[in-house]
Peer 1: 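The structure's right below; bear with me while I get my questions together.
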Amino acid sequence: MATNHQQAMDSGPISGRVDVDNPPFSRIFIVCSKRHTSEDMKIAFEHFGGIEDVWVVKDKLTKENRGVCYIKFTKASSAARACEEMDGKVVGGDSKPIKVMIAQSKVSGSKTDFQDDTALTRLFVICPKDYSEDNLRQKFQDFGEIESVQIVRDHATHENKGYGYVKFRKSSAAAIALENCDKALKAVWAEPKSAKIARNAAAAAAALHSTLIPHNPFLETNNFVPSAVQAPMNVGMNVPVSIPGVVDFYSAQNPTAAVAESITTSHTPTRLFVKVLPSVTAEQLSRLFDIIPGMQMCDLKRNFSTGESKGFAYVTYNSVGSAIYAKEKLNGFEYPPGSKLVVKYAEDPPGVRSNGIGQGTEAPFQVQSYGSKSSLTGNSYAVDSAGVYTSAALPAPAPLADMNSEVASRLFIVCQPAPPPETALKDVFSRFGNLIDVWMMKERNFGYAKFASKESADAAIEGLHGHEVLGMRLKVMHADPPKSEASRKRPRT
DNA sequence: CGACGGGACGC
DNA sequence: CGACGGGACGC
C-alpha cells in the first residue's frame, strides 16, 4: 500500500540524445585544435564532473575535424569549473592553449541567452519577507565568496518585496549554490539587469485590467459604474509599469496577516491616506480610486489660497472590504508612471472618538459587543475573535508553518461570488495553525490551501466552510490530489 | 579567429 | 457545481 513514487523519469530529451540545455549552462564550448580527439577531451575534462556527451565537431562533407568541441556535463557547476580551470590551458600535447566557455543554448538561436561574459555569477531568489540581507547572505555563504546580496524593496515603505539577488565572485560558486541551496528559495540564474522592461510592462498592462478592475470583491454589491473603467486612460496612465499585488506572491512569515495588523491598529479601516504627486489633480485621483467600487469621497488636500495640491488626500469607502482592497491594489501603484502612490489606512481624525461601527460604514460583519478592549485607542474594528469581516468564529492569530514543511493536507476552496483579497484569505486560514500557503487561481474563484497538519486543515474546514469572508461565501473541502501524476492510463475514449 | 551530430520501438 | 500558482532589479 505504501506510496511507491517510482515514476521513471522517462521522456528524457525532447528530440535527440541529450538535452543539451538542461540544466541551463551545463554545456561548454571548446576551441581547440583540429588534432584533438574526443578522447583527449574526455580525459582532460572528466574530473570536473559527470559528462553526458563529448562531441568533436567535424565538417559534414569532408569529415575534417573543425577544431571545436562541445562537452555536456550533468551539472552546471561542472561546466563552470571547467571554464574557470581549463580556459587558456594546453591539452594533449598541443601547443596552442584552448578556449573554454559556456556554450550558447541550442534554442534561442542567437544572443537571446542572458549570458554576456559577465553573467552567470548572479542568482535570482525568492526571499521570505522577514529576511534581512544578512539572513539571505547566510543562506548562501557556504557556497563561495559572495560579492553582494540585494533584497528588492518597495521604495516608499522599504518593505521586502519577496525576492532578491545574490551575486557571487565566481560562476562556479553561483552554480554550486544554485544546485544546493534551500529549495524554498527557488534560486534560478538571474537575467542581466538590462533586459527587464518589456516583460514587466506587458505583465503590468495585463494585470491592470485583470486585477485592478475587479471581477472581484464588492462589485456585485456596490454601484460599480462601468465608465470608471476608463479612468486610468483618461488621466494619462498609458503605461502602467508596476502594480503591487502582482508580485505579492509570497507570504510574509508572519503570524498575523496584513488585514489583521492594519485593522487592529488605531485607525478607521474605511478611510485611506494617500500620498500623491502634487501635479495630480483632485479629479484624476478621484477617478483612480473610484475604480474600486464603494468609494464615497476623495478629498485631496489643497492650499487654501493657491489651490495647489498638498500632495496627500483622504479617500473614504463605504465598506472595510473596499478600503482594504483599494489599499492592496493601489499602494505602490505608479501614478503617474514613475511615481508610486503611497496608500495607508488613515489615522482617526483628531477629536473623533471612533468607537464602534461608524455610522455609514457598512462593514460586512459587525463587531459583536467587543467594545471594552479599545479604551486606549478607540479601536473600533478589532479583527480577532469578534470577526468584523467574517462570519466565522476565528481562533487567535497563529504562525504560519515553515514553507518547506511537508504538505499534510490540501484544501480546495471555492469563493462566491469572487475571492476576497489574498490578505484576508491568509488571515482566516492561518488562524487554524500550520498553514503553509493559500492562494486563489488567477482570474478564477477557486484555489487551494496547504497545511502542514491534518488537524489544522480539518479545523479550517470545520471553521470556514460555508462562512463568508468580506462578503464572499467560502466552500472549503479536501482537495483531490494534484492532477500531475497518475493519470497516464490508456487514453481510450 | 571558433558554434550545433548521432541513434532510435518501448505500453 | 469549481480542480491545480507564483518571479526581475532606481539611470
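Every chain is numbered from 1 and lettered A, B, ... according to where its sequence line falls, protein lines coming before strand lines.
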Peer 1: Just the rounded figure in Å: distance from P of C:dG5 to CZ of A:Arg444.
Peer 2: 11 Å
Peer 1: Compare the ring of A:Tyr165 with the six-membered ring in the base of C:dC9 and state whether they stack (centres under 5.5 Å, planes under 30°).
Peer 2: yes
Peer 1: Is any side-chain N or O of A:Lys58 under 3.5 Å from a base N or O of B:dG5, one able to act as donor and the other as acceptor?
Peer 2: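 No pair found.
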Peer 1: Is a donor from one side chain sitting under 3.5 angstrom from an acceptor on the other, for A:Lys72 and A:Ser26?
Peer 2: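 There is such a pair (donor and acceptor under 3.5 Å, judged by atom type) between the side chains of A:Lys72 and A:Ser26.
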Peer 1: Would you mind telling me which of C:dA3, C:dC4, C:dG6 lies closest to the side-chain atoms of A:Ala479?
Peer 2: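 Nearest to the side-chain atoms of A:Ala479, counting from C-beta on, is C:dA3.
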Peer 1: Between A:Lys106 (NZ) and B:dG6 (P), how many Å, whole number?
Peer 2: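 Answer to the nearest Å: 10 Å.
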Peer 1: Measuring from the side chain of A:Trp55 (C-beta onward, heavy atoms only), which nucleotide among B:dG5, C:dG6, C:dC4 has the closest atom?
Peer 2: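 Nucleotide nearest to A:Trp55's side chain: B:dG5.
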Peer 1: Please give, in whole Å, the distance from B:dC4 C1' to A:Asp21 CG?
Peer 2: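 One finds 11 Å between C1' of B:dC4 and CG of A:Asp21, rounded.
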Peer 1: Compare the minimum distances between each of C:dG2, B:dC4, C:dA8 and the side chain of A:Lys475, then state the nucleotide with the smallest one.
Peer 2: C:dG2
Peer 1: Does any donor atom in the side chain of A:Thr121 or A:Lys167 lie under 3.5 Å from an acceptor atom in the other side chain?
Peer 2: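 The criterion, which ignores hydrogens and geometry beyond distance, is satisfied for A:Lys167 and A:Thr121.
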Peer 1: Take the protein atom CZ of A:Phe412 and the nucleotide atom C1' of C:dG5, then report the distance between them rounded to whole Å.
Peer 2: 14 Å
Peer 1: Hey, is the side chain of A:Lys186 pairing donor to acceptor with the base of C:dG6 inside 3.5 Å?
Peer 2: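 Donor-acceptor pair under 3.5 Å: yes.
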Peer 1: Find out whether the Lys NZ or Arg CZ of A:Arg81 is both under 6.0 angstrom from the six-membered ring centre of A:Phe48 and within 45° of the ring's axis.
Peer 2: no
Peer 1: How about A:Asp402 and A:Ser405: does a side-chain donor come under 3.5 Å of a side-chain acceptor?
Peer 2: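 Distance-only check fails for A:Asp402 and A:Ser405.
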Peer 1: Measure the distance between the ring centre of A:Phe29 and the centre of the six-membered base ring of B:dA3, then answer whether it is under 5.5 Å with planes under 30°.
Peer 2: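 Stacking is present between B:dA3 and A:Phe29, given that their ring centres fall under 5.5 Å apart and the planes under 30°.
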Peer 1: In this structure, is the centre-to-centre distance between the rings of A:Phe143 and A:Phe168 below 6.0 Å?
Peer 2: no
Peer 1: Is A:Gln150 close enough to C:dG10 that one of its side-chain N or O atoms is under 4.0 Å from OP1 or OP2 there?
Peer 2: yes
Peer 1: Could you state the CG-P distance from A:Asp59 to B:dC4, rounded to the nearest angstrom?
Peer 2: 10 Å
Peer 1: Round to the nearest Å and state the distance from A:Arg27 atom CZ to B:dG2 atom C1'.
Peer 2: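 Whole-Å distance recorded here is 14 Å.
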Peer 1: Rounded to the nearest Å, what distance is computed from the CZ atom of residue A:Phe446 to the C1' atom of nucleotide C:dC1?
Peer 2: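 So the two atoms are 12 Å apart, to the nearest Å.
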Peer 1: When the distance from CE of A:Met440 to C1' of C:dC4 is rounded to whole Å, what number comes out?
Peer 2: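 Between C1' of C:dC4 and CE of A:Met440: 12 Å.
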Peer 1: Can you check whether A:Trp439 stacks with the C:dG6 base, using ring centres under 5.5 Å and planes within 30°?
Peer 2: no
Peer 1: Can you tell me whether the side chain of A:Lys99 and the base of B:dG2 have a donor-acceptor pair closer than 3.5 Å?
Peer 2: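 When only heavy-atom distances are counted, A:Lys99 does reach the base of B:dG2 through a donor-acceptor pair under 3.5 Å.
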Peer 1: I want to verify a distance call: between B:dC4, C:dG10, C:dC4, whose nearest atom is closest to the A:Tyr70 side chain?
Peer 2: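 Minimum distance to the A:Tyr70 side chain belongs to B:dC4.
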Peer 1: If you go through the side-chain atoms of A:Arg122, does one of them form a donor-acceptor pair with the base of C:dC9 closer than 3.5 Å?
Peer 2: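 By the distance-only test, yes, there is a pair.
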Peer 1: What about A:Lys34, does its side chain sit under 3.5 Å from the base of B:dG2 through a donor-acceptor pair?
Peer 2: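 Looking at the base of B:dG2, it does not pair with any donor or acceptor on the side chain of A:Lys34 (distance under 3.5 Å).
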Peer 1: From the options C:dG6, C:dC9, B:dG2, select the nucleotide whose nearest atom is closest to the side chain of A:Asp437.
Peer 2: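 That would be C:dG6.
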Peer 1: Of the options C:dG5, C:dA3, C:dA8, whose atoms approach the side-chain atoms of A:Lys450 most closely?
Peer 2: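 Closest nucleotide to the A:Lys450 side chain: C:dG5.
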Peer 1: With a 4.0 Å cut-off on heavy atoms, is A:Arg66 in touch with a base, just the backbone sugar-phosphate, or nothing at all?
Peer 2: sugar-phosphate
Peer 1: Want to settle it: does A:Met441 or A:Gln416 sit nearer the 5' end of DNA chain C, counting the closest nucleotide to each?
Peer 2: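 Its nearest nucleotide lies further toward 5', so the answer is A:Gln416.
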Peer 1: Between A:Val68 and A:Val54, just flag the one whose closest nucleotide in DNA chain B comes earlier from the 5' side.
Peer 2: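 So the residue in question is A:Val68.
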Peer 1: Check the side chains of A:Glu468 and A:Ser391 for a donor-acceptor pair under 3.5 angstrom, ignoring hydrogens and angles.
Peer 2: no
Peer 1: Can you spot which of A:Asn180, A:Asp182, A:Leu185, A:Leu178 makes a side chain to side chain contact (heavy atoms under 4.5 Å, CB included) with A:Phe140?
Peer 2: A:Leu185
Peer 1: Out of C:dG10, C:dA8, C:dG2, which nucleotide sits closest to the side chain of A:Tyr163?
Peer 2: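 In terms of side-chain proximity for A:Tyr163, the closest of C:dG10, C:dA8, C:dG2 is C:dA8.
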